[in-house]
Protein chains: 2
Amino acid sequence: MDSVPGRIVISVDAMGGDRGAAAVAAGIIRSAAKNPDIAFIVHGPEPELSRLLGRRRELQGRCEIRHAEGVVKMSDKPSQVMRHGEGTSMWSTVESVKRGEATVAVSCGNTGALMALSMIRLRKLPGVNRPAIACLWPSRNPQGFNVMLDVGADIKADAEDLLQYALMGASYARNGLGLARPRVGLLNVGTEEHKGRAELKVAHDLIAAATEAGAFDYVGFVEGGDLPSDRVDVIVTDGFTGNIALKTGEGTAKLISDFLKEAFNATFLSKIAALLALTSLKRLQKRIDPRRVNGGVFLGLNGTVVKSHGSADALGVSAAIKLAFRLAQSGFQDRLAARVASAGQARQDAAVQGTGPAVGSPGGTS
Amino acid sequence: MDSVPGRIVISVDAMGGDRGAAAVAAGIIRSAAKNPDIAFIVHGPEPELSRLLGRRRELQGRCEIRHAEGVVKMSDKPSQVMRHGEGTSMWSTVESVKRGEATVAVSCGNTGALMALSMIRLRKLPGVNRPAIACLWPSRNPQGFNVMLDVGADIKADAEDLLQYALMGASYARNGLGLARPRVGLLNVGTEEHKGRAELKVAHDLIAAATEAGAFDYVGFVEGGDLPSDRVDVIVTDGFTGNIALKTGEGTAKLISDFLKEAFNATFLSKIAALLALTSLKRLQKRIDPRRVNGGVFLGLNGTVVKSHGSADALGVSAAIKLAFRLAQSGFQDRLAARVASAGQARQDAAVQGTGPAVGSPGGTS
């Protein structure tokens, strides 16, 4: 692979997705054609990958194939993959980030296994107890998306974890969505301060006290209906609730989309109407197309990992690669680490001095 | 009020909704015009209610106004309403069910306060630890809706509570939706048996052992994406998760509906298309219109209470009254109580004899 200044290397797992290596290869080719500043290390069985990627002109000099025989299946248990995963394409993909050959890893494979491998190979960032998966959510905001985390890295989160999610989510929104001072909300069953579980009330106070260290605004509790709203940019919750909310939202969107298709197929007149409205309907579809917001980001590790949807096609894979590139280019990993460290420092100082949260601690853009 | 055989009396709180007494009165009149077998006891300030309802021909001889001066506001804390709520229309509405004057209570007011008042006035059913709120969810099933509970009565639920939700939800689906043997699923972050929180694994086993006593089928764990699916009829979860899922689903539907309107308003051509597609779009709207599935039902008390959406208009209020009528007519309250008692008995027998869950315990239609 040629070394070119300004070029960013992404490590891609070709295997483990529902559509196999062909869809991942098509996504890589699509990204390469659009963006001359990305190079790839692609992991999987060499003969198959050579056939799919070897002779593509777009990839000349910027795609290295790294042979890996094994494949992590969707049904594999994370604990087994942790013990016996060496030699799989997923392991190899994460390893490239650990060794510093690539800046960000991308995989369409088994989420639990990818998180487990990422945890043991990349290790947690100093000061982070539970890493999180952040996803993007179509919203009414000008940037088009809100960030929600955790959507499934861990089924539990205590108040301190939720504070770290706020810091990490704000940093992600700043670097991934270009928001200078993101607005953070804490997901609850009501917006009144007396509502919800005990750990949420503690987290509420912790997050409110960390707005300076984390360079975000805190809007307080938000509800399920606020996930797509324009009064918040980052929604913080535990991984159990976040995962249920994410899948409920996707399921509802799918239901309405199916009902809409049925409605337009109901009569002759409605079929003509659908033809006339095609452009508008496509615009709608584009706004809520899950493939365009493809990529859960693992936060809180020594290295960034993007988890693409298992069923991603070329467009979906290319969206995940684009997200990985944008995060790498912004120096996100170092900024996030600095932010978590400085917030931890601010809390320690406050605890030692007994003066409450530090005000005026390092701001900047991390 | 005339006493007519076969007539069912519904107790309606005229106050506390976002649209005031006028919307509730319009809903009552709508229901009365459609169904000659309902009578009403309506609670609120007598002068206002007399003006709204007094001279309506549809209501002659089947509407009694019960004067109550006080109104529970949306911002009132449940604990305050419990202590000082006597004299409010909400208190009076529940009281009519307690005294046996009416079979089911309907209110558009403050959910937390309504649950608190219902708990202290009606008391919990023997064998029920935590009452639950069940809602209907648009689905791909022939009946058009799935049942989900708890959606916010309590933020916690242990394994025993989840078992009771399964029994109560199945009974509701049988009597409210006419399903002889409902399929019950337990909401989790994955369908594999090793996934999720500890109390969910225990609940999984308890529910699987109660299918005979509860006369339902158990499909195991389901995910957020299954809420509208046709592989399950009743979804069991704790009130925190259920409330987040419910509001996330509503918020997503609202977002798509707004985007759809924008898409059809985008160009001249798309406006013509919208006109042509009007009938189809209305059919779609009808299928997912939250007003038509209006009414959370409080389960596990000595009496049935239907909580209508706070923003319900005449159509919404009338849907809630229709649901209350259907439940009253089916003898739901007694059937539910019998089902919970017999399941408790079966578990006790099994525990005493050490023979596992009783098979062949009373079936029937409760």
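Chain identifiers are assigned alphabetically (A, B, ...) following the order of the sequence lines, protein sequences preceding nucleic acid strands; residue numbering begins at 1 within each chain.
There is no contact between A:Asp154 and chain B, counting heavy-atom distances below 4.5 Å. Proximity to chain B (any heavy atom under 4.5 Å) is shown, for A:Asn188, by both the backbone and the side chain. Residue contact with chain B, scored on non-hydrogen atoms closer than 4.5 Å, involves the side chain of A:Leu227 exclusively. For A:Lys254, the parts lying under 4.5 angstrom from a heavy atom of chain B are both the backbone and the side chain. Interface remark: A:Ile235 contributes no atoms to any contact with chain B (heavy atom separation under 4.5 Å).
At least one side-chain heavy atom of B:Leu187 sits less than 4.5 Å from a side-chain heavy atom of B:Thr241. Between A:Trp137 and B:Leu255, the closest side-chain pair of non-hydrogen atoms is not below 4.5 Å. Put simply, the side chain of A:Val222 reaches to within 4.5 Å of the side chain of A:Arg231, judged on heavy atoms. A:Met148 has its side chain within reach of A:Leu246: a pair of non-hydrogen atoms, C-beta onward, lies under 4.5 Å apart.
Counting heavy-atom pairs under 4.5 Å between each of A:Ser75, A:Gly225, A:Gly239 and chain B puts A:Gly225 at the top. Chain B forms more heavy-atom pairs under 4.5 Å with one residue of A:Gly251, A:Gly152, A:Gly224 than with any other, namely A:Gly224.
Annotation: A:His309, atom NE2; neighbour count of heavy atoms from other residues, nucleotides and ligands within 6.0 Å does not exceed 12.
Screening B:Leu177, B:Leu136, B:Asp230 against B:Gln143 for a side chain to side chain contact (heavy atoms under 4.5 Å, CB included) leaves a single residue, B:Leu177.
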